[in-house]
2 protein chains.
Amino acid sequence: MMFSTKAEYGVRVMAHLAKRDPDAPVSLGSIAEAEGLPLAYLEHLVQRLRREGLVESRRGARGGYSLSRPPEAISMAEVVRALEGDIAPIECITADADGQLVCARDGEPGHEPCATKLLWTRVQGSIVRTLSEMTLADLIPEHRQGSAEPTRSREAGGRTIPTERGPGRPAEVTKT
Amino acid sequence: MMFSTKAEYGVRVMAHLAKRDPDAPVSLGSIAEAEGLPLAYLEHLVQRLRREGLVESRRGARGGYSLSRPPEAISMAEVVRALEGDIAPIECITADADGQLVCARDGEPGHEPCATKLLWTRVQGSIVRTLSEMTLADLIPEHRQGSAEPTRSREAGGRTIPTERGPGRPAEVTKT
DNA sequence: AGTTTTCCTACCCGGTGGGTAGGATATCCC
DNA sequence: GGGATATCCTACCCACCGGGTAGGAAAACT
Ligand code: FES
Ligand code: FES
């Protein structure tokens, strides 16, 4: 297993929210019950989502959570990253601020270009690409219109997508 | 981090072996020293590789390990799977004997097709595909001739490679 | 006021990743 | 044969973290 249940549960929560009216917040308790997941644990996860600006909360009675953007405008890469942190197949591979994949051990004495770097960067690239190409809307049948082949057309209902410096970035992953 | 150091170290060992003459076994001790990894730990990893038939061993003085097939005939998917076990992004997604991706929780009472299944199967597919398209030869510069676009001609060394089918999602994963 | 809900901090517990220890067995070289 | 050199195997260890609980404070509703 590569992703923890944080991603699994968190994505399920997001999918649950996507099915509901965006203007009527859903309480975590009802989600927990519907999905059969521990409420106290979900609270942690949803906080991560909130801090990344993926969901909005309303406190108090009849409060709850709702998506902060339409489902078509939320890429799964954002969701997973919010829940799991940076996506890297192994320790040394990280994405710098520019989105370029770099090895943390580059520039060590006598560290000729690591033979395995090519492998892991490609793996990372393919994961991120797959995640970036899907949106929340692709997960729920109601919104799924042309989802089988995820179109690159990202302009959803009039709301511009914050550039998010995430998806779409690793055009060419590595050239050594 | 998604793969453990088992994969990281193991792949490095394989890459190290690929650089050497296949008929002159290399002792783990020398690899451990060269790569700066603990010998006792590598012993465990290399056993996994051996049980999966990826390396061969010769015991005793002047013994060691060598690849059991030419590098071009060893897909990275095999290597990673030998080291890490089955590749699945989350718990419930597994590949059955046929290579089809199934959810372990399918067929539960009132379990309508899980909304997140589509996401995780795609992720799994893209990882497996990327891993399957690369061979050990692609990692080492000497053998790297036409590696950028991995040829589909998989019959190296006479040994047939287990056909490892991913999900039916053709995509251009990397075009560098 | 009282209820419902988010929000936050602290704590817990089992599993496992990562690694060590020690010895048994096989093979080469002299 | 006798070392020396290796793989092989089983058992053990420990810190870390995933996954989860507990308890309460602050909002917002009725
Ligand atoms: S050490 Fe970072 S890619 Fe190999
Ligand atoms: S429960 Fe298996 S894919 Fe959702």
Side-chain angles (χ1 to χ4, degrees), chain A residues 1-13 17 20 23-68 80 83-85 89-92, chain B residues 1-13 17 20 23-68 80 83-86 88-92:
Chain A
M1 188 174 46
M2 312 174 60
F3 290 103
S4 68
T5 60
K6 283 202 281 288
E8 184 182 348
Y9 294 178
V11 167
R12 210 173 288 179
V13 167
L17 287 178
R20 301 309 185 87
D23 297 325
V26 185
S27 78
L28 252 198
S30 70
I31 298 180
E33 194 181 12
E35 303 281 345
L37 302 174
L39 166 63
Y41 186 39
L42 288 190
E43 286 187 338
H44 287 302
L45 305 186
V46 83
Q47 288 312 312
R48 296 184 181 224
L49 294 169
R50 188 180 56 90
R51 291 193 197 104
E52 297 295 323
L54 297 176
V55 299
E56 282 167 356
S57 61
R58 202 160 75 189
R59 306 172 67 157
R62 287 191 58 87
Y65 296 91
S66 54
L67 299 181
S68 60
V80 171
L83 293 161
E84 295 274 347
I90 61 171
E91 193 72 37
C92 70
Chain B
M1 187 174 49
M2 312 173 61
F3 290 104
S4 67
T5 60
K6 284 202 281 288
E8 183 182 348
Y9 294 178
V11 168
R12 209 173 289 179
V13 168
L17 288 178
R20 302 308 184 85
D23 297 326
V26 185
S27 79
L28 253 198
S30 70
I31 298 180
E33 193 180 13
E35 303 281 345
L37 303 174
L39 166 62
Y41 186 39
L42 287 191
E43 285 186 339
H44 287 303
L45 304 186
V46 82
Q47 289 312 312
R48 297 183 181 222
L49 295 170
R50 188 180 56 90
R51 292 193 197 104
E52 297 295 323
L54 297 175
V55 300
E56 281 167 357
S57 62
R58 203 161 75 189
R59 308 173 64 157
R62 288 192 56 88
Y65 297 91
S66 54
L67 299 182
S68 59
V80 171
L83 293 162
E84 295 273 347
D86 265 336
I90 61 169
E91 193 72 36
C92 71

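Each chain gets a letter, A, B and so on, in the order the sequences are listed, and its residues count up from 1.
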Protein within reach of the bases, or only the backbone? For nucleotides 24-30 of chain C, mark each nucleotide 5' to 3' as B, S or -, using heavy atoms under 4.0 Å. -BBBBS-

Round to a whole Å and report the spacing from [atom1] of [X] to [atom2] of [N].
X       : N      : atom1 : atom2 : answer
B/Leu49 : D/dC8  : CG    : P     : 12 Å
B/Leu45 : C/dT20 : CG    : P     : 12 Å
A/Glu84 : D/dC17 : CD    : C1'   : 12 Å
B/Met2  : C/dG17 : CE    : P     : 15 Å
A/Glu8  : D/dG20 : CD    : P     : 10 Å
B/Tyr9  : C/dG18 : OH    : P     : 7 Å
B/Glu56 : D/dC8  : CD    : P     : 11 Å
A/Glu91 : C/dG17 : CD    : C1'   : 12 Å

Would one find a side-chain N or O of [X] under 4.0 angstrom from OP1 or OP2 of [N]?
X       : N      : value
B/Ser4  : C/dG18 : yes
A/Thr5  : D/dG18 : no
B/Tyr65 : D/dC8  : yes
A/Ser57 : C/dT6  : no

If you look at every heavy atom in A/Pro25 and A/Ser66, which pair is closest and at what distance?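 Here A/Pro25 and A/Ser66 meet closest at CA-CB, 4.3 Å.
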
Give, for atom [atom1] of [X] and atom [atom2] of [Y], the distance between the pair rounded to the nearest 0.5 Å.
X       : Y       : atom1 : atom2 : answer
B/Arg58 : B/Asp23 : CZ    : CG    : 9.0 Å
B/Arg50 : B/Glu43 : CZ    : CD    : 11.5 Å
A/Lys6  : A/His44 : NZ    : NE2   : 10.5 Å

Within the distance-only criterion (no hydrogens, no angle test), does the side chain of A/Ser68 pair as donor or acceptor with the backbone N or O of A/Leu54 below 3.5 angstrom? yes

Is a donor on one side and an acceptor on the other found under 3.5 Å between the side chain of A/Glu8 and the backbone of A/Phe3? no

Between B/Arg48 and B/Ala40, which residue's closest nucleotide on DNA chain C lies nearer the 5′ terminus? B/Arg48

Can you tell if the side chain of B/Glu84 reaches within under 4.5 Å of the side chain of B/Ser4, non-hydrogen atoms only?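 With C-beta onward as the side chain, the pair touches.
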
Just to verify, which of B/Leu45, B/Val46, B/Ile31, B/Leu83 counts as forming a side-chain contact (heavy atoms from CB on, under 4.5 Å) with B/Tyr9? B/Leu45

Please identify which of these residues, A/Val26, A/Val55, A/Leu49, A/Val13, meets the side-chain contact (heavy atoms from CB on, under 4.5 Å) condition with A/Tyr65. A/Val55

Under 3.5 Å, which N/O atoms of the protein pair with N/O atoms of nucleotides 8-14 of chain C?
unit_1, atom_1, unit_2, atom_2, d
C/dC8, OP2, A/Arg50, NH2, 3.0

Check every strand shown and say whether A/Gly64 touches a base, only sugar-phosphate, or nothing at a heavy-atom separation below 4.0 Å. sugar-phosphate

